[in-house]
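Presented below is the structure to which this report refers.
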Amino acid sequence: MQQSPYFIRWFPSLLIISLILILYSYTQGSFMNHLVEQILEYLSFLLIGLFILIAYKKERSLVVPRRKFWIIAFISLIFSLAASIFETINLFSNTLSFPNSYSLICFSISHYIFLIGLFYRIASQKSFSQHLLAFVDALIIVVFLGLAAFHTLSELADPTASTFPYDMIVVLNTSLGLFVLFYFFFVQETHWVSRTTLSLLFFSLFIRGMYEVSAVYFPDFTEQYLVFSPVLIRLVQSAAILWHLDHITEGKQASPVVQRTWLPLLAIPLFLHYVIELEGKKFDVFIILLLLIIRQIIIARQHTLLVQKLNERNEQLAERIEHRIRQIKESEQQVLPLFSSHPDPIIRFDQNETATYANLAAQATFKLSALSIEVPTHSVLHLQSSLQLDSNRYLDESDRQYELTKIPIHIASKSAGHFLVLHDVTEQKERQQRIEYHAFHDVLTGIGNRRSLERTFLSIDQSVNYLALLDLDGFKLVNDTYGHEAGDYVLIEVARRISLDLEREESVYRLGGDEFALLTSAKDELSLRRRCKHFLQLLRRPYVYKGQTLHVSASIGVAPFFENDDLESWLKHADLAMYRIKNRKKNDIALYHQDF
């Protein structure tokens, strides 16, 4: 159950303080009894007023607030306070006094205002027939209890103890409180917190009524045992409001329906009383029987209306179901050809991720024999296991690639599985890979091109700190003498020799014609020159093409990487170094310096 911070914070301390003061006052005189009673009553007035204001403020934040009830409750509290003020003046003032009727009138007004608030709270969301049946049921109970109380008081009470109309007003107040109590239970306030709260408030009214009845008919008993009844009333009211404060929330929670089939049994004791005591004119049983007959007529009328409404609803429901079935069949006839003949494989999965149906394309792809998948094939099982790893792509056992699209299926707002559309993207991926390969590789040699060098430069790390440009010496003579095919052979062989001799962090690119770029790393200039000399020796080795021996060498210009350099600056520096050596003696190495 939900924790109640307001209730736990306030009520135990109120109860303990009240009990301690009551026990203390019983050891003192009558004056101390009345003094403690008055102090506790006014403190409870103050606290209840505070609790009502807190509840009013808290309900203002709700979408559907019930603030008017708390306003009415606060007005009722003011009239109760006025009644208590009159009683206090009569108890402790020797010069000023008021008739007892003043206090009774104020209390009665407070009583009726509070009953109006309760009616307002519980009467807004029920039909007229529900209110009528609850009214008759509550009236049966109250009349039965009233008649029983009348006969009991006639036997026990002293006729001279009561004064008209004081006792009639008290009995009326109590009867109305009981009537609203039973009416409330029969009309069914649906929120369980409201039911608990209002039950405690009704209980406080009942205690007050019993106190007033006892004060009229049994004054000695009241003086000794019920002198602190007002304090008990305020404690009950405080508990009710505090309990409600902790559970002011949006929405409603259903409560169990109150059983009322036992109400006719109330006629049995009155009937026995009528049979045993024949003397006099006793119409008790006839009153109860009359009310029960009226109740039965109302129930029969309600049942007739319910049966009529039920038959109408059943007919409407049958028509809707038939209409819906026709719509579903028409939709199936329209959608089934689209599903069956769709060029992409489509498989229908239920909410347990089990394949149930497959269109013609899916039957051919997954080797299925019919629309309904009774026994999944090995290919279907492979698909289901792959879906657990990746729900967007699928690679089948023959390395064909599919893009997956899930289309959810909802029936009456509930998930009923999904369609899985498999779009074959194998050729598209291969074509995309070929395009990407040619975009970043030289067509003749197969090594990276200038665009590949630009991409590498963006992700280069600090270990690669030199860029070498290689330009072939004697390549034009080979082209002119032996033709372009021989020149292409030399270019391919140069790229192959360099690629086979690259270390882990090195990479080679063809920039165009007979010009190549090499990204490398070196700790110092000596190791850099040693590495470049190795490539010169590698490229100077003879090239044999169709029985002809071809001789080609290279000139290498190297530029270190300077901070904040871009690729164009780096290439420009290496190009300056390369042309310095190419214009001087060729087949050698030149290192760029900033004083070039």
Side-chain angles (χ1 to χ4, degrees), residues 316-449 451-452 455-456 458-459:
Q316 294 174 359
L317 182 60
E319 292 178 358
R320 290 181 180 178
I321 292 174
E322 185 177 354
H323 178 68
R324 187 58 178 161
I325 290 174
R326 288 198 301 269
Q327 287 183 329
I328 292 174
K329 288 182 178 179
E330 292 175 358
S331 300
E332 287 179 350
Q333 293 174 358
Q334 295 175 4
V335 174
L336 188 58
L338 175 63
F339 171 76
S340 299
S341 59
H342 196 280
D344 287 333
I346 302 177
I347 297 180
R348 201 272 202 206
F349 288 85
D350 60 17
Q351 59 269 30
N352 297 322
E353 297 296 329
T354 301
T356 55
Y357 298 99
N359 69 345
L360 295 175
Q363 294 172 34
T365 302
F366 295 97
K367 302 178 178 60
L368 297 168
S369 58
L371 175 69
S372 178
I373 303 176
E374 301 295 339
V375 180
T377 61
H378 176 74
S379 300
V380 173
L381 295 176
H382 182 270
L383 171 65
Q384 292 183 168
S385 61
S386 299
L387 290 176
Q388 298 177 358
L389 303 176
D390 189 352
S391 59
N392 297 322
R393 298 185 181 276
Y394 171 59
L395 183 66
D396 68 6
E397 295 171 304
S398 59
D399 292 333
R400 298 199 66 83
Q401 299 183 59
Y402 295 89
E403 284 186 351
L404 306 181
T405 302
K406 285 187 178 181
I407 303 176
I409 303 173
H410 294 284
I411 300 177
S413 301
K414 292 184 178 180
S415 176
H418 63 271
F419 288 107
L420 182 68
V421 183
L422 297 92
H423 182 61
D424 191 341
V425 294
T426 305
E427 295 180 359
Q428 176 184 341
K429 292 294 184 182
E430 291 176 352
R431 185 166 54 251
Q432 182 178 349
Q433 290 174 0
R434 287 196 299 271
I435 294 173
E436 184 176 355
Y437 178 84
H438 290 304
F440 292 96
H441 289 80
D442 179 57
V443 178
L444 178 63
T445 62
I447 63 175
N449 57 14
R451 185 177 296 176
S452 178
R455 184 174 64 177
T456 305
L458 296 176
S459 59

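Keep in mind that the numbers below use all heavy atoms, side chains included, and drop hydrogens, waters and symmetry copies. None of the values given here were measured: they were computed from a predicted structure.
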Within the 4.5 Å heavy-atom criterion, are [X] and [Y] side-chain neighbours or not?
X      : Y      : value
Phe419 : Ile347 : no
Ile346 : Ile407 : no
Val380 : Lys367 : no
His410 : Pro408 : yes
Tyr357 : Ile373 : no

Considering all heavy atoms, the nearest [X]-[Y] contact:
X      : Y      : answer
Gln401 : Leu395 : CG-CD1, 3.6 Å
Thr365 : Pro345 : OG1-CG, 3.6 Å
Ala362 : Leu368 : O-CD1, 4.3 Å
Pro343 : Ala361 : O-CB, 3.5 Å
Leu422 : Asp344 : O-CB, 3.5 Å
Asp350 : Thr354 : OD1-N, 2.9 Å

Rounded distance [0.5 Å steps], [atom1] in [X] versus [atom2] in [Y]:
X      : Y      : atom1 : atom2 : value
Leu458 : Arg455 : CG    : CZ    : 10.0 Å
Asp442 : Arg451 : CG    : CZ    : 13.0 Å
Lys406 : Asn392 : NZ    : CG    : 8.5 Å
Gln384 : Ser379 : CD    : OG    : 11.5 Å
Leu404 : Leu387 : CG    : CG    : 6.0 Å
Glu397 : His378 : CD    : NE2   : 3.5 Å

> When you look at Leu420 and Phe349, which way does the side chain to side chain contact (heavy atoms under 4.5 Å, CB included) test go after all the steps?
Replying inline: CA-CA 7 Å; Leu420 182 68; Phe349 288 85; 3.7 Å; yes
Quiz question: by atom type and distance under 3.5 Å, do the side chains of [X] and [Y] form a donor-acceptor pair?
X      : Y      : answer
Ser452 : Asn449 : no
His323 : Gln327 : yes
Ser398 : Asp396 : yes

> For the residue pair His382 and Tyr394, is the inter-centroid distance of their aromatic rings smaller than 6.0 Å?
Replying inline: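 Between His382 and Tyr394, the centre distance is under 6.0 Å.
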>> Is it the case that atom CD in Gln316 sees more than 12 heavy atoms from other parts of the structure closer than 6.0 Å?
In response: yes
> Would the number of heavy atoms belonging to other residues, nucleotides or ligands and lying under 6.0 Å from CZ of Arg324 be above 12?
Replying inline: no
> How far apart are the C-alpha atoms of Glu353 and His418, what are their side-chain angles, what is the distance that settles it, and do they pass the side chain to side chain contact (heavy atoms under 4.5 Å, CB included) test?
Replying inline: CA-CA 9 Å; Glu353 297 296 329; His418 63 271; 3.2 Å; yes
> Between Tyr402 and Arg393, is there a cation-pi geometry (under 6.0 Å to ring centre, at most 45° from the normal)?
Replying inline: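 Geometry flag: not set, cation outside 6.0 Å or 45°.
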> So, are Arg431 and Glu427 salt-bridged, with charged N and O less than 4.0 Å apart?
Replying inline: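 Here Arg431 does not pair with Glu427 in a salt bridge, since their nearest N and O are not under 4.0 Å apart.
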